[in-house]
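Quick notes on the structure that follows.
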Number of protein chains: 2
Amino acid sequence: MAKGKSLEELTDPVFYILIALVEPRHGYAIMQYVKEETQGTFKIGPATLYTIIKKLLGAGLIEAEPESDPRRKTYAATAAGITKLEEEVERRKRMVDLGMCVLQAKGRKK
Amino acid sequence: MAKGKSLEELTDPVFYILIALVEPRHGYAIMQYVKEETQGTFKIGPATLYTIIKKLLGAGLIEAEPESDPRRKTYAATAAGITKLEEEVERRKRMVDLGMCVLQAKGRKK
DNA sequence: AAATGATATATCAAAAACGGATATAAAGGA
DNA sequence: TCCTTTATATCCGTTTTTGATATATCATTT
């Protein structure tokens with residue numbers, strides 16, 4: 001079911017959701033976390049959220065904690081999820097560095 | 001034509017293409033630049049490239065340099081494009097910082 | 001001169017990702 | 001009781017991405 005090359009590079013919403021799940025959180029808490037953490041700049045709606053949760057579960061990057069209450073399903077990143085997040089942070093760091101480097105080079109010239 | 005909220009947050013390929021166009025480059029050179037700069041990790045194919053070029057042109061973030069040779073249309077980021085790129089670098093920096101911060105906090109606890 | 005590989009631009013059609021709207025339901029406060 | 005917040009979930013349209021394909025030129029090799 002929809003496996004494959006996806007999740008090689010994480011998109012912004014996937015990245016945020018994985019970050020949120022370094023600590024165990026349930027769906028609604030993830031939405032709030034991202035909204036707060038970004039000062040409302042980045043919002044994840046329910047459609048995006050639950051779509052991505054399913055995908056992350058399928059990829060084994062997060063897992064649902066077996067809980068009694070079905071009204072508050074709690075998820076958390078697996079070891080593989082943490083590793084993936086670390087890699088993604090590095091990948092994004094390189095992108096930012098490239099951007100800064102190129103912009104700085106332009107600044108020096110002009 | 002397909003304007004709107006898009007390009008608020010830049011996706012990875014859009015980000016790379018804008019970075020490439022801080023210096024004037026033609027399409028094919030953009031593809032090569034990204035491939036080289038990422039050690040082949042991130043590849044942009046012609047479909048993605050020319051689709052995004054059109055969108056960036058429409059948004060006024062890049063412009064085509066009026067040249068005689070139609071076989072090497074050169075593009076470059078406009079002032080607005082540079083500003084946008086600077087903003088995006090900052091936005092992405094904050095995302096990376098959040099990721100590092102959260103991972104580090106986890107590391108301390110465990 | 002013909003062939004080949006690299007350069008270069010472009011589009012189609014399909015897949016993948018995203019997100020607004022909507023539905024449902026329970027809990028808590030006015 | 002009514003309203004707001006919490007909470008999960010999906011429908012379905014839009015946007016984004018991309019593999020495949022087409023075309024053409026240039027440089028190098030055979």
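- Here C/dT7 is the nucleotide among D/dT17, C/dC18, C/dT7 with the atom lying nearest to any side-chain atom of B/R72.
- Atom C1' of nucleotide C/dG19 and atom NZ of A/K35 are separated by 15 Å, given to the nearest angstrom.
- Rounded to an integer number of Å, the gap from CG of B/L49 to P of C/dT11 is 12 Å.
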With a cut-off of 3.5 Å and sequence neighbours excluded, list every side-chain donor-acceptor pair involving residues 17-31 of chain A.
unit_1	atom_1	unit_2	atom_2	d
A/E23	OE1	B/K109	NZ	3.3
A/E23	OE2	B/K109	NZ	3.0
A/R25	NH1	A/A20	O	2.7
A/H26	NE2	A/R72	NH1	3.1

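- Residue A/E9 contributes atom CD, which lies 12 Å from atom P of D/dT17 at whole-angstrom precision.
- For B/Q104, the side-chain hydrogen bond (donor to acceptor under 3.5 Å, both in side chains) test picks out B/R108, with sequence neighbours left out.
- Judged as a ring pair (Phe, Tyr, Trp, His ring centres under 6.0 Å), the pairs with a partner in residues 42-67 of chain A (not counting sequence neighbours) are, in order, A/Y16-A/F42.
- One atom, NZ of B/K43, and another, P of D/dA20, lie 13 Å apart when rounded to the nearest Å.
- Note: CD (A/E8) to P (C/dA16) measures 14 Å, nearest angstrom.
- Of the candidate nucleotides D/dA7, D/dC11, D/dT18, D/dA7 has the atom nearest to the side chain of A/Y50.
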Please list each protein N or O that sits under 3.5 Å from an N or O in nucleotides 22-27 of chain D, with the distance.
unit_1	atom_1	unit_2	atom_2	d
D/dT25	O2	B/R71	NH2	3.4

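- For A/A47, there are no side chain to side chain contact (heavy atoms under 4.5 Å, CB included) partners two or more places apart in sequence or in a different chain.
- Counting to the nearest Å, the C1' atom of C/dA25 and the NZ atom of A/K73 are 14 Å from each other.
- Rounded to whole Å, the distance from CZ on A/F15 to P on C/dC18 is 14 Å.
- Residues forming a salt bridge (charged side-chain N to carboxylate O under 4.0 Å, His left out) with B/E63 (at least two apart in sequence, or on another chain): none.
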Practice item. Walk me through it: do A/E88 and A/T83 pass the test side chain to side chain contact (heavy atoms under 4.5 Å, CB included)? Key: CA-CA 9 Å; A/E88 181 66 14; A/T83 302; over 6 Å; no

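- When each of B/T51 and A/P13 is assigned the nucleotide of DNA chain C bearing its nearest heavy atom, the one mapping closer to the 5' terminus is B/T51.
- Between B/L7 atom CG and D/dT17 atom C1' the separation is 14 Å, expressed in whole Å.
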Practice item. Let me see the working for B/M100 and B/V96 under side chain to side chain contact (heavy atoms under 4.5 Å, CB included), right down to the final yes or no. Key: CA-CA 6 Å; B/M100 289 201 303; B/V96 166; 4.3 Å; yes

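- Checked against side chain to side chain contact (heavy atoms under 4.5 Å, CB included), A/T11 has the following partners two or more places apart in sequence or in another chain: A/P13, A/V14.
- Listed by residue number, the members of residues 16-31 of chain A with any heavy atom below 4.0 angstrom from DNA chain D are A/H26, A/G27, A/Y28, A/M31.
- Within the structure, no pair that satisfies the salt bridge (Lys or Arg N to Asp or Glu O under 4.0 Å) test touches residues 29-48 of chain B, not counting sequence neighbours.
- Across all strands shown, B/T48 has heavy atoms under 4.0 Å from base atoms, whether or not it also approaches the sugar-phosphate.
- Heavy atoms of B/K54 sit under 4.0 angstrom from primed sugar atoms or phosphate atoms, though from no base atom.
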